[in-house]
Enquirer: 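Dumping the structure here so I can ask a few things about it.
Numbered from 1 within each chain, the chains take letters A, B, ... in sequence-line order.
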Amino acid sequence: MALNMDVLLGFFHTFLTQFQTPTLAFLLGGMLAAALGSKLDIPDAIYRFCVFMLLMRIGIQGGMEIREGDIGAMLLPALFSAVIGMTIVVLGWLTLARLRGVRMDDALATAGLFGAVSASTMAAGMFMLEDEGIFFEAWVPALYPFMDIPALVLAIVLANLYLSKKNGGSGQRVAIWPIVKESLQGPALSAMLLGLAIGLFTRPEVVFEGFYDLLFRGLLTVLMVTMGIEAWQRLSELRKVAHWYIAYAFVMPIVHGLIGFGLGYIAHLLAGFSPGGVILLAIIAASSSDISGPPTLRAGIPTANPSSYIGSSTGVGTPVAIAICIPLFLILGQAVFDL
Amino acid sequence: MALNMDVLLGFFHTFLTQFQTPTLAFLLGGMLAAALGSKLDIPDAIYRFCVFMLLMRIGIQGGMEIREGDIGAMLLPALFSAVIGMTIVVLGWLTLARLRGVRMDDALATAGLFGAVSASTMAAGMFMLEDEGIFFEAWVPALYPFMDIPALVLAIVLANLYLSKKNGGSGQRVAIWPIVKESLQGPALSAMLLGLAIGLFTRPEVVFEGFYDLLFRGLLTVLMVTMGIEAWQRLSELRKVAHWYIAYAFVMPIVHGLIGFGLGYIAHLLAGFSPGGVILLAIIAASSSDISGPPTLRAGIPTANPSSYIGSSTGVGTPVAIAICIPLFLILGQAVFDL
Amino acid sequence: MALNMDVLLGFFHTFLTQFQTPTLAFLLGGMLAAALGSKLDIPDAIYRFCVFMLLMRIGIQGGMEIREGDIGAMLLPALFSAVIGMTIVVLGWLTLARLRGVRMDDALATAGLFGAVSASTMAAGMFMLEDEGIFFEAWVPALYPFMDIPALVLAIVLANLYLSKKNGGSGQRVAIWPIVKESLQGPALSAMLLGLAIGLFTRPEVVFEGFYDLLFRGLLTVLMVTMGIEAWQRLSELRKVAHWYIAYAFVMPIVHGLIGFGLGYIAHLLAGFSPGGVILLAIIAASSSDISGPPTLRAGIPTANPSSYIGSSTGVGTPVAIAICIPLFLILGQAVFDL
């Protein structure tokens with residue numbers, strides 16, 4: 001009993017410590033500033049540049065380490081990533097889409113965004129693991145597209161099948177390749193793939209250390225402020241749609257993260273996936289897309305209301321993933337793996 | 001006599017040395033480039049990002065040091081800051097507003113802007129003190145709003161009372177809170193307050209040193225080039241209004257700085273305010289707002305002509321504050337405090 | 001014979017190594033991303049800021065070293081730079097302009113752009129020489145305007161004489177000073193001249209090392225990605241004009257670079273111009289303008305079709321200069337000077 005109390009106290013202590021890390025503090029600071037009506041704004045060009053820098057850094061590092069790494073070890077986690085992405089969409093279809101006042105196409109678009117991945121949440125998770133000195137394989141961030149693309153594809157395919165059936169259509173086939181291509185060509189995935197290629201095939205060590213890695217943490221804080229402001233603004237859009245979106249966006253990142261943690265743990269047992277990798281996979285699963293997902297969905301499910309899916313993801317899902325899921329899965333990992 | 005000659009030579013030497021410091025050199029370089037018709041321009045997004053970075057750095061540092069500091073020592077300087085801000089407005093009302101061809105509302109708007117504070121002039125002053133190795137309390141930059149807000153509020157209230165009386169109005173009350181709120185919500189003060197909160201309540205040491213502080217001096221030079229270009233362009237607008245504005249904008253920063261120095265010196269005697277703090281307070285008093293003040297004034301005194309107050313402040317006041325007042329009050333401080 | 005084989009193998013080895021340097025890799029990466037339809041984009045504000053930073057860094061360094069340097073040594077290379085710039089225009093007039101389907105004014109505008117200089121190609125060349133540890137005089141980048149301006153002036157004068165004659169005009173004089181002024185006032189040359197002045201007359205060592213030089217290599221990689229994307233997009237414009245432009249833009253950078261290398265070698269023999277300086281002069285000669293040249297030409301030869309000259313320079317000339325000429329002249333210099 002006394003032990004349980006200690007565990008609980010330790011939990012709260014770790015939790016509160018995480019709130020003092022710059023990443024969370026800047027996110028909450030941005031939200032607070034927006035809530036207080038501040039005219040603070042980060043120019044859009046700076047925001048897009050931060051995203052580019054972040055993903056190049058993640059990509060280059062991944063590429064450099066894959067060069068010497070054992071790529072076979074990536075197979076099971078990559079497969080599990082695809083399973084997680086698709087499970088999240090199916091879960092959304094079984095839960096959110098059945099609720100009163102929720103339209104099927106809006107629900108599927110929302111589930112697709114929650115199955116997709118947020119580069120900045122992932123970066124914040126990597127930052128936290130590095131800070132705690134917890135090792136993870138450098139290729140873990142490269143699991144991103146393996147979760148992102150199946151989730152978006154499945155959501156768009158299901159929505160179009162539904163719309164086609166509803167409109168009395170002949171159940172025409174939905175082309176999958178254009179959705180995959182659109183995802184890979186988006187600015188976020190493109191930057192990460194470009195970085196991967198540069199890390200794999202060239203010798204970028206000097207610019208990596210003296211520029212991309214040097215500015216990484218700082219630019220992440222700028223990004224967090226921007227995302228905090230954006231989250232607050234998007235939150236108000238959610239008032240226009242059914243309240244179920246708020247409940248879904250608040251609870252499901254935790255559920256998705258637990259699924260990620262569970263499958264990651266199986267990969268740990270079967271293929272020696274590192275504890276840090278399991279934690280990061282849970283964070284990636286908990287994250288919902290805010291940069292690359294929305295344009296793909298807008299093109300793929302044009303009838304869906306962006307207020308519902310962007311509001312849920314950017315307004316609630318991302319803050320929950322960063323402020324709750326990151327410390328939560330760190331604590332869970334530390335408990336499970338005795339780190 | 002020989003001693004006086006030495007003092008004078010020493011004065012000119014210090015003065016010329018300051019012109020070689022990057023801050024001044026980049027400001028004058030920007031003005032020169034604009035004067036020669038250069039198409040050199042710093043994109044607006046970069047300018048706004050530099051301002052954000054500068055004020056976050058100032059805020060975070062202030063917050064981190066206040067954490068361990070003696071906040072009671074700030075009371076008298078904060079009170080004096082408010083007195084300085086309001087004295088500047090009253091002075092403008094007694095001088096500029098009485099001159100031939102100067103409209104009362106234009107004069108009050110101009111005096112309000114000169115009572116308000118320029119974050120970049122303040123940053124340039126901090127940079128110079130750090131370079132000279134002169135200590136100042138880390139909370140001195142946090143005096144900013146204590147001078148800025150009373151000046152803007154008093155200028156807007158006086159202008160509205162005047163306009164209301166002129167229009168035969170019933171002397172309706174001017175709401176003060178919206179002006180205070182507008183000031184606090186502006187991008188400059190918001191960023192500094194956000195930085196303060198982050199410095200106070202979290203542990204941002206790593207990103208502070210590795211990002212905000214690392215880039216501070218360099219981004220200040222970029223800001224100085226932009227402000228030099230802007231100053232030259234605004235100068236031409238001043239030709240459209242009464243020439244008294246040029247005289248006011250050239251002379252008054254020195255007068256305002258002397259008032260700041262005098263009250264700072266009293267705080268030094270009464271409450272142990274540091275010599276570096278006295279110099280920085282004089283520089284803050286000498287500065288005139290260029291980022292956050294103009295929109296507040298535009299909303300608060302809509303009848304005033306922006307060419308008069310923005311032209312005076314950005315075109316003449318800021319260059320005088322940076323290029324003349326910063327070295328002047330450094331020399332004065334060194335002489336008075338025997339630094 | 002065995003020796004020749006070794007030389008050839010060494011050549012290919014050096015060549016392939018250069019492809020792994022970050023500069024080239026990022027350029028090719030940007031082209032590849034654009035070719036694959038990626039929506040990766042670097043905001044225009046960031047691109048312009050990178051150019052500003054690059055040229056300030058080059059200018060400041062040049063200014064700081066000229067301070068202690070022997071400016072007399074610059075005379076012959078400066079004269080040769082002007083000769084190279086004008087020779088390139090005359091060569092274009094003798095070759096490209098005579099080809100079937102090529103309009104005289106388009107050809108002269110194109111030749112003017114190839115005679116003018118690309119700041120980013122020059123920076124990539126400097127980067128490579130610094131990496132290889134090959135010394136060059138710090139004033140070599142300051143040869144830029146001595147080649148740039150004569151080329152643009154001659155191209156515009158020749159085109160206007162031709163147009164005036166064609167239109168039965170009286171052969172009116174073309175004003176040269178406005179073209180020179182326009183070039184000097186362009187954002188690229190302005191930034192370099194501002195940097196030169198700051199390096200010459202002030203003490204910018206701290207911000208130079210801690211900011212401009214620190215970020216130089218990293219920002220160059222960002223610029224290379226942008227230029228790669230831009231090159232690919234411009235390439236498609238070339239399809240609309242005569243195919244001769246592609247041939248010209250592919251072959252002539254090498255020819256221009258050889259002329260630069262030859263004259264540089266003469267300066268080496270006559271005036272002790274450094275081997276690194278000879279290589280850099282060849283790279284400057286091989287480069288074609290992409291930032292400052294086009295607006296000057298658009299104003300100076302309004303009848304010329306921008307698709308022809310911008311397409312040739314940005315779409316083909318710059319990639320050839322960076323990816324082929326930089327390694328080529330490095331190898332040539334190493335062979336000739338036994339470095």
Side-chain angles (χ1 to χ4, degrees), chain A residues 16-50 52-54 57 123-124 127-128 130-133 209-226 228-229 232 323 327, chain B residues 42-57 59-60 63-64 67 119 177-178 180-216 218-219 222 291-292 294-296 299:
Chain A
L16 284 174
T17 309
Q18 286 305 317
F19 270 86
Q20 291 197 324
T21 60
T23 320
L24 291 194
F26 282 82
L27 179 83
L28 298 175
M31 291 184 80
L32 191 69
L36 295 173
S38 159
K39 280 174 215 96
L40 184 72
D41 83 314
I42 311 291
D44 183 57
I46 300 297
Y47 171 71
R48 288 191 282 145
F49 181 60
C50 289
F52 170 80
M53 289 288 295
L54 223 68
R57 188 270 192 187
F127 183 92
M128 189 258 318
E130 285 168 13
D131 256 14
E132 299 281 331
E209 272 157 43
F211 187 67
Y212 290 96
D213 194 50
L214 177 78
L215 299 180
F216 174 60
R217 294 179 165 225
L219 291 175
L220 185 61
T221 65
V222 175
L223 202 57
M224 286 293 135
V225 172
T226 321
I229 296 171
W232 188 262
Chain B
I42 311 292
D44 184 57
I46 300 297
Y47 171 71
R48 288 190 284 146
F49 181 60
C50 288
V51 171
F52 169 80
M53 290 287 295
L54 222 68
L55 285 160
M56 286 291 283
R57 188 269 191 189
I60 294 174
M64 290 194 309
R67 224 157 55 190
W177 174 237
V180 176
K181 208 173 121 194
E182 168 122 18
S183 294
L184 289 169
Q185 288 174 341
L189 264 180
S190 287
M192 197 173 81
L193 295 174
L194 174 59
L196 263 174
I198 284 171
L200 262 176
F201 300 118
T202 74
R203 295 277 171 277
E205 279 76 3
V206 174
V207 282
F208 176 77
E209 272 157 43
F211 186 68
Y212 290 96
D213 194 49
L214 177 78
L215 300 180
F216 174 60
L219 291 175
V222 176
I291 300 161
S292 50
T296 306

Enquirer: By a 4.5 Å heavy-atom criterion (distance strictly below it), what part of Leu214(B) contacts chain A: side chain, backbone, both, or neither?
Expert: side chain
Enquirer: Determine which pairs satisfy salt bridge (charged side-chain N to carboxylate O under 4.0 Å, His left out) with at least one residue from residues 210-220 of chain A, sequence neighbours left out, and list them in order.
Expert: Arg57(A)-Asp213(A), Glu130(A)-Arg217(A), Asp131(A)-Arg217(A)
Enquirer: Quick one: CG on Leu193(B) to CG on Leu55(B), what's the gap to the nearest 0.5 Å?
Expert: 9.5 Å
Enquirer: Just verifying a value: how many Å separate Met192(B) CE and Leu184(B) CG, rounded to the nearest 0.5 Å?
Expert: 10.0 Å
Enquirer: Using non-hydrogen atoms and a 4.5 Å limit, figure out which bit of Ala197(B) sits close to chain A: side chain, backbone, both or neither.
Expert: neither
Enquirer: Going by the side chain to side chain donor-acceptor pair (under 3.5 Å) test, which pairs reach into residues 181-199 of chain B, not counting sequence neighbours?
Expert: Ser38(A)-Ser190(B)
Enquirer: Under a 4.5 Å heavy-atom cut-off, does chain A meet the side chain of Phe208(B), its backbone, both or neither?
Expert: neither
Enquirer: If you count heavy-atom pairs under 4.5 Å between each of Pro295(B), Ala45(B), Ala188(B), Pro43(B) and chain A, which one has the most?
Expert: Ala45(B)
Enquirer: Taking C-beta and beyond as the side chain, do Ile229(A) and Thr226(A) meet within less than 4.5 Å on heavy atoms?
Expert: no
Enquirer: To the nearest 0.5 Å, what is the distance between OH (Tyr212(B)) and CE (Met53(B))?
Expert: 6.0 Å
Enquirer: Let me know if Val222(A) has heavy atoms under 4.5 Å from chain B in its side chain, its backbone, both or neither.
Expert: both
Enquirer: Please rank Leu219(A), Asp44(A), Asp41(A) by heavy-atom pairs under 4.5 Å with chain B and give me the top one.
Expert: Leu219(A)
Enquirer: Can you tell me which portion of Leu215(B) sits under 4.5 Å from chain A's heavy atoms? Options are side chain, backbone, both or neither.
Expert: side chain
Enquirer: Identify the heavy atoms of Phe52(B) and Ala191(B) that sit nearest to each other, and give their distance.
Expert: CD1-CB, 4.1 Å
Enquirer: If I measure from the heavy atoms of chain A, does Ile60(B) come under 4.5 Å with its side chain, its backbone, both, or neither?
Expert: side chain
Enquirer: Sort Phe26(A) into side chain, backbone, both or neither according to what part of it lies under 4.5 angstrom from a heavy atom of chain B.
Expert: both
